[in-house]
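In what follows, a single structure is set out as structure tokens and then discussed.
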Amino acid sequence: QVQLVESGGGLVQAGGSLRLSCAASGRTFSSYTMGWFRQAPGKEREFVAAINWSGANSYYADSVKGRFTISRDNAKNTVYLQMNMLKPEDTAVYYCAASYSGVYRSKSTYDYWGQGTQVTVSP
């Protein structure tokens with residue numbers, strides 16, 4: 001069992017930055033591919049970024065590539081999402097998730113989810 005708790009969301013102006021954190025419980029954190037998804041009002045939850053168990057490989061949605069960076073610290077059981085050059089269209093609830101299968105882009109392959117943290121980007 002893995003429990004995930006996100007933090008770091010908030011209100012920021014366009015062009016600004018935020019760093020999201022996701023703290024995981026459980027001793028098997030390093031076995032999981034970790035992902036970030038987001039869901040805007042009235043829209044489907046969508047893939048943002050993912051990182052493999054070792055941190056050697058990371059993957060991004062085209063909409064955030066070059067602006068967001070995912071990283072992890074297995075010693076701290078934490079995954080991060082550094083978000084730079086934020087845009088109003090990045091406004092959403094951001095969710096952290098863990099996938100044992102390692103299939104990173106589809107939300108159906110993730111086994112555990114956090115409760116989400118709100119990110120609001122003003123124009």
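Everything quoted here is computed from the prediction, not taken from an experiment. Counting from 1, the numbers follow the sequence of the chain as shown.
- Here the shortest heavy-atom pairing between I51 and S71 reads CD1-CA, 3.7 Å.
- When side chains are defined from C-beta on, F68 does not count as touching L18, because their heavy atoms never get closer than 4.5 Å.
- The two residues P88 and P123 make their nearest non-hydrogen contact at CG-CA, 4.0 Å.
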Exercise. What do the steps show when you test Q118 against L11 for side chain to side chain contact (heavy atoms under 4.5 Å, CB included), and what is the final call?
Worked result: CA-CA 8 Å; Q118 176 71 46; L11 174 64; over 6 Å; no

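- Under the 4.5 Å side-chain heavy-atom criterion for Ile, Leu, Val, Met, Phe, Trp and Tyr, V93 and V48 are members of distinct hydrophobic clusters.
- In terms of heavy-atom proximity, A98 sits nearest to M34 at CB-SD, 3.6 Å.
- For the atom pair R67 CZ and K87 NZ, the distance stands at 4.5 Å (nearest 0.5 Å).
- Here S58 contributes atom OG and K65 contributes atom NZ; the two are 10.0 Å apart, rounded to the nearest 0.5 Å.
- The shortest distance between side-chain heavy atoms of I70 and Y60 falls below 4.5 Å.
- Here the shortest heavy-atom pairing between D111 and S101 reads OD2-N, 4.4 Å.
- Every pair tested for disulfide (SG to SG under 2.5 Å) that includes a residue from residues 40-70 fails, sequence neighbours excluded, so the list is empty.
- The OG1 atom of T28 sits 13.5 Å away from atom CH2 of W53, with the distance rounded to the nearest 0.5 Å.
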Distance-only criterion, 3.5 Å: show the donor-acceptor pairs between side-chain atoms of residues 78-85 and protein atoms not counting sequence neighbours.
residue : atom : partner : partner atom : Å
T78     : OG1  : K76     : O            : 2.8
Q82     : NE2  : N84     : OD1          : 2.9
N84     : OD1  : S17     : OG           : 2.9

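- The two residues A97 and Y110 have their closest heavy-atom pair at CB-CD2, 3.3 Å.
- Closest non-hydrogen pair, R72 versus S30, comes out as NH2-CA, 3.9 Å.
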Exercise. Where do T109 and T33 land on the side chain to side chain contact (heavy atoms under 4.5 Å, CB included) test, with the steps shown first?
Worked result: CA-CA 10 Å; T109 65; T33 288; over 6 Å; no

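- Between F29 and N74, some side-chain heavy-atom pair lies under the 4.5 Å cut-off.
- For Q3, the CD atom is loosely surrounded, since the number of other residues' heavy atoms within 6.0 Å does not exceed 12.
- There is a path of hydrophobic side-chain contacts, each under 4.5 Å, that joins Y32 to W36.
- Considering only residues two or more places apart in sequence or on other chains, Y104 meets the ring pair (Phe, Tyr, Trp, His ring centres under 6.0 Å) condition with F47, Y59.
- Interatomic distance, R45 CZ to Y94 OH, rounded to the nearest 0.5 Å: 13.0 Å.
- Note that SG of C22 and CG of N77 are 10.0 Å apart. Values are rounded to the nearest 0.5 Å.
- Here the CD atom belonging to Q115 is positioned 9.0 Å from the OG atom belonging to S7, to the nearest 0.5 angstrom.
- Using a 4.5 Å cut-off between side-chain heavy atoms of Ile, Leu, Val, Met, Phe, Trp and Tyr, with links allowed through other members, V64 and V119 fall into the same hydrophobic cluster.
- Atom CD of Q13 has 12 or fewer heavy atoms from other residues, nucleotides or ligands within 6.0 Å.
- Within a 6.0 Å sphere centred on OH of Y112, other residues, nucleotides and ligands contribute more than 12 heavy atoms.
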